[in-house]
Amino acid sequence: MPEPSPEAVPGQRIDKWLWHARIVKTRTLATRLAASGQVRVNKRKTARPSRTVRPGDVLTFVHGGQVRVLKILALAARRGPAAKARALYEDLSPEPQKPGPDQAGAQAPVAARPRGTGRPTKRDRRALTALRQR
């Protein structure tokens, strides 16, 4: 039996799918994300919120400061509970990299203080600021 053509498989707008899958909080944010041109569908950039996605498509985009790679497993007719939303996709995202001390994006070390010593004084805060700026 021949496989159905991609046009025969039902699809859904990418902004609606992102909202139904609870990737973003509102439909407006989903539209903005899709229109930003930073979403790739099967390795091809798309800047249209009306782009149709189907089960089997792979979405790649940056959300919340990390790269997300999602394989669409199913479409939804409505925005349901989080447990059902997680069943709509498979997360293929790489593990987030923790910056090392030699990387430019490394955070300043946290100053250790004994527990229960209260808030730092103005002198302590100035010392902490000087430490972080090094």
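In what follows, every heavy atom counts, from backbone to side chain, and hydrogens, waters and symmetry copies are set aside. FYI, the numbering just counts along the sequence from 1.
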Where P49 and D15 come nearest, the two heavy atoms and their spacing = O-OD1, 3.1 Å
Is any side-chain heavy atom of L33 closer than 4.5 Å to a side-chain heavy atom of V39?
-> yes
Got a list of side-chain donor-acceptor pairs under 3.5 Å for residues 59-82, not counting sequence neighbours?
from : atom 1 : to  : atom 2 : distance (Å)
R79  : NE     : W19 : O      : 2.8
R79  : NH2    : V24 : O      : 3.3

Shortest non-hydrogen contact between P55 and P10, atoms and distance = CD-O, 4.1 Å
Salt bridge (charged side-chain N to carboxylate O under 4.0 Å, His left out): pairs with one or both residues in residues 32-50, sequence neighbours excluded | none
Which pair of non-hydrogen atoms, one from W17 and one from L88, has the smallest distance, and what is that distance?
-> CZ2-O, 3.6 Å
Sequence neighbours left out, what passes salt bridge (charged side-chain N to carboxylate O under 4.0 Å, His left out) with R22? Give chain and number order.
-> none
Spacing of Q12 atom CD and R54 atom CZ [to the nearest 0.5 Å] = 11.5 Å
Side-chain contact, heavy-atom cut-off 4.5 Å: R13 with R51?
-> no
Between CG of D91 and CD1 of I23, what distance do you get to the nearest 0.5 Å?
-> 7.5 Å
